[in-house]
Every structure is written in C-alpha cells, then in structure tokens.
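Presented below is the structure to which this report refers.
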Amino acid sequence: MGKKYANPPIVEAICEFYISPDSKWDITIPGLVFEKLRNEFPNKEQRIVQEVEMQRQPPNNMQQIIRLDERAIFFSDDRKTFVQIGNRLLSINHLKPYTSWSEFKTKIECAFNAFCNSTEIKGLQRIGLRYINHVEIIGKQIKLEDYFNFRPFLGGELPKNIISFIVGCLIPSSDSRDLCKLEISDAMPNKEGNKSFLLDLYYYLNQPLAIPINEVLDWVELAHQNIEKIFEACITDQLREYFNKEIE
Amino acid sequence: MMSTKYFELLSIPSMNKQVVNQNVNLNEDRNSNIYEVAKVWIKESLSANVDITSSIEKMLKNLVLKGIYIPNPEEVKNYLYHYPDIADVVESACIETRNRFKPSTQLSLELYRDPEIDDEYLTLYIRQKEYDDNIMDIIEDIWLIYSDELVLRSGDFLVTTDFDYPR
C-alpha cells in the first residue's frame with residue numbers, strides 16, 4: 001500500500017475506458033448503465049460534448065470533423081464522484097477529498113462491470129488512469145527545486161524569473177505498451193500570496209486492444225502502482241512534509 | 001483511412017447536433033509529419049476533456065488575464081467543481097462584461113452566500129468609483145444574452161452591482 005498524506009494534493013482522479021469501434025454502441029446504453037448504478041449515482045445530467053476527429057486522406061489531405069454529441073453524467077449525492085458515459089466512453093471521476101485507492105477502485109469496478117453488462121464490448125481501445133494534484137505553497141518567493149524533482153530547467157543565460165510555465169514528458173512502461181504523460185504547470189492559487197502548481201499524471205494504454213477485457217482491472221491496479229511510484233519520484237521530502245504528515 | 005478523436009466538454013444543452021467538416025490541404029512532403037505530430041498530440045490530450053480540473057484552471061487563469069478580480073479563488077473553484085456545467089457561461093459572461101466597461105471598472109467574481117436561506121451562487125460584481133448612469137441597462141443587456149443559457153444548468157450565476165466602491 002502506498003503512502004497516505006494528511007493533506008493529500010489530489011484534486012481529481014479519473015479512470016477512463018474507450019471501447020473499440022467494433023463494440024456495440026447505441027443511445028440506449030447510458031440508460032442501461034444508469035439503471036445498474038442508480039443507487040450509488042442517483043443524479044443524472046446531460047452535457048453536450050464537442051468531438052473533433054482528424055482523418056488522414058492520403059496523400060495530401062487532412063480532414064477535421066467537428067461534431068457535437070451528448071454525454072450522460074451520473075453524480076453521487078455529494079457530487080464528489082461521477083460517471084460519464086459518452087460515445088464508446090466510460091469515465092469515473094473522483095473529486096477531492098480523495099480518501100483512498102481502494103475506495104476509488106471499488107467505484108471503478110462497479111461502473112466498469114455495469115458498463116460491460118450493458119453492451120457487448122469487443123475490446124478496449126484505450127484505458128487511462130489520471131491523477132491531478134494541486135500543490136499550494138505558502139509564500140511568493142519559492143524555489144521549485146525545494147519541492148519538485150520534476151520541474152522546468154532554464155540553463156545558461158536564460159532569465160530565471162519565470163511567471164508561468166508548463167513542462168511535460170512521456171515515460172514508457174511495460175515495453176511501451178503503456179505511457180505515462182507527466183505534466184507540471186503553474187496554477188491559480190487558492191489564496192492570494194501563495195504559489196500553486198498542477199502536477200498531472202496520466203497513465204494510459206498506448207496499444208489498443210493489448211489488454212483483454214478480463215484483465216482490465218488488473219491493468220488498472222498496475223497503472224495505479226506505476227503512477228504512485230512516479231508521483232513519489234516527482235516530489236521532494238520537503239513537499240512530503242508539506243503534505244504532511246504521513247498517516248501510515 | 002486513419003482517424004483520431006478527441007473530445008471537448010461543452011455545456012450547451014440547447015444546441016443541436018452539428019457536424020462541421022474542414023479540409024486542410026498540406027504540402028505533400030510536410031503532410032505526413034504534421035499529421036503524425038497532430039495525432040500524437042491529440043492522442044495525449046484524449047483525457048483532457050474527461051476531467052473538469054483543467055477547464056476550471058484554464059478558465060480562471062484566463063479571467064485573471066482579462067482583468068477579472070477573484071478575491072477568494074478557493075471558494076469560486078469549489079463552487080465550479082460542484083457545478084462544472086456553468087463554467088463556460090460564467091467565462092463568457094465575465095469576458096462580455098469586461099468588454100462593456102472601461103478598464104477602471106472593477107469586476108469581481110465572488111461566491112455569494114444568502115444569509116437568510118441555504119443558497120449560494122457565483123456573482124460577478126461590477127464596481128466603479130463613480131457609477132455610470134446607465135449601469136443597470138448594461139447589466140440587463142448582458143443578462144439577456146446569458147440568462148437563457150443558465151436555465152438547464154445545475155449551478156447558478158448572476159451579474160450585478162452592489163454599488164460599492166472597488167475593493
């Protein structure tokens with residue numbers, strides 16, 4: 001089990017599943033999923049989503065297709081957890097306060113099983129697990145290196161007084177079957193006079209159909225283990241103390 | 001034919017399904033590379049619109065850049081996390097309001113809590129050192145544009161003035 005912090009920085013955790021194009025899909029599926037989840041996610045809403053598709057038309061054309069589709073969203077009573085069902089998409093979002101992986105995983109399993117029992121899934125095009133962390137440090141003048149091992153580096157004669165930044169990289173895992181997109185940027189502080197940052201870790205299946213349906217939840221567990229390792233590697237002991245205060 | 005999809009969350013229940021096709025012709029020897037770069041970028045951005053944090057952060061940063069004062073960002077963020085479907089209306093209305101008033105007018109995005117009943121909603125307060133005579137007409141104009149958009153949203157938002165001095 002990973003480390004637990006008294007003040008965990010997680011503001012949003014997301015687990016998402018994109019099913020393969022040959023899987024069965026129609027507009028009745030969100031309703032079928034809702035019937036299976038309505039005890040835990042009783043509040044349903046509907047949003048319009050803009051979907052952009054890029055199609056390559058050899059040899060010289062690239063076509064952008066923009067269309068609007070509906071997405072069903074099922075909220076828990078406290079609106080801290082919700083399930084989104086879109087066109088061949090299932091996502092489970094958990095907002096702060098994030099209590100534990102075991103609790104989030106239970107919700108993921110529950111939603112994924114409801115999804116699987118509502119349509120015929122041929123394969124998973126993509127699976128993703130994402131943790132967005134908001135780190136707020138008191139004080140206007142801080143040194144990033146005191147808190148982050150993953151940060152922008154401005155060498156040589158470059159000015160050091162940056163006011164905004166975004167840095168990202170992709171880290172391969174499991175022989176590049178999976179990728180972890182790591183991103184850090186400055187963010188809007190919750191309180192005036194503080195500095196704040198978003199540390200965004202997105203671990204996803206890079207090879208469509210590489211994970212059979214019956215191994216999906218094992219993949220999610222592995223993704224969580226890898227994300228946790230990368231997160232711990234991104235931060236310094238000083239930041240750990242800031243989150244304090246490990247409970248276990 | 002190869003295709004890649006990404007998604008952007010909007011919140012416009014009144015909008016009908018639309019499809020817009022746009023053909024982009026590229027120089028032959030550059031086409032392949034540009035497509036591959038676009039494909040990777042889009043693929044990595046696939047998750048971007050399933051979350052709500054990025055859109056809230058981008059929206060608030062944009063409003064601050066446009067000169068909107070947010071005295072207590074934490075309260076505003078927490079409200080938007082609870083009612084994310086009003087974020088786009090709030091952003092558009094704030095920018096429209098900014099465009100309607102001179103720069104010396106303070107626009108302050110705050111969470112209003114009704115002391116009488118258990119109710120709270122986001123409010124954009126317009127504050128001036130010397131109030132324009134037609135300020136209520138301008139507010140009504142702005143409100144006419146956005147009030148319909150809020151009808152089916154879960155959260156609430158108001159553009160108004162308390163005739164207070166800028167803070």
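Just so it is clear: chains get the letters A, B, ... in the order the sequence lines come, proteins before strands, and each one is counted from 1.
- The shortest distance between side-chain heavy atoms of A:Arg79 and B:Tyr83 falls below 4.5 Å.
- Within the 4.5 Å cutoff, the side chain of A:Tyr18 has heavy atoms near those of the B:Val50 side chain.
- For A:Asp175, the CG atom counts as loosely surrounded, since its 6.0 Å shell holds 12 or fewer non-hydrogen atoms of other residues, nucleotides or ligands.
- In this structure, CG in B:Leu152 is found 11.5 Å from CZ in A:Arg47, a value given to the nearest 0.5 Å.
- B:Asp51 approaches A:Glu12 most closely through the heavy-atom pair CA-OE2, 3.4 Å.
- Minimum interatomic distance between A:Pro189 and B:Lys77 (heavy atoms only, all atoms of both residues): C-NZ, 4.3 Å.
- For B:Val76, no part sits under 4.5 Å from any heavy atom of chain A, backbone or side chain.
- Residues B:Glu57 and A:Ser185 have side chains not in contact (no heavy-atom distance under 4.5 Å, counting atoms from C-beta outward).
- Within the 4.5 Å cutoff, the side chain of B:Asn78 has heavy atoms near those of the A:Lys96 side chain.
- Taken to the nearest 0.5 Å, the CG atom of B:Asn72 stands 6.5 Å off from the NZ atom of A:Lys191.
- Of the atoms belonging to A:Asp186, heavy atoms from both backbone and side chain fall under 4.5 Å from chain B.
- Inter-residue side-chain proximity for B:Ile52 and A:Leu95 is flagged as met; some heavy-atom pair is nearer than 4.5 Å.
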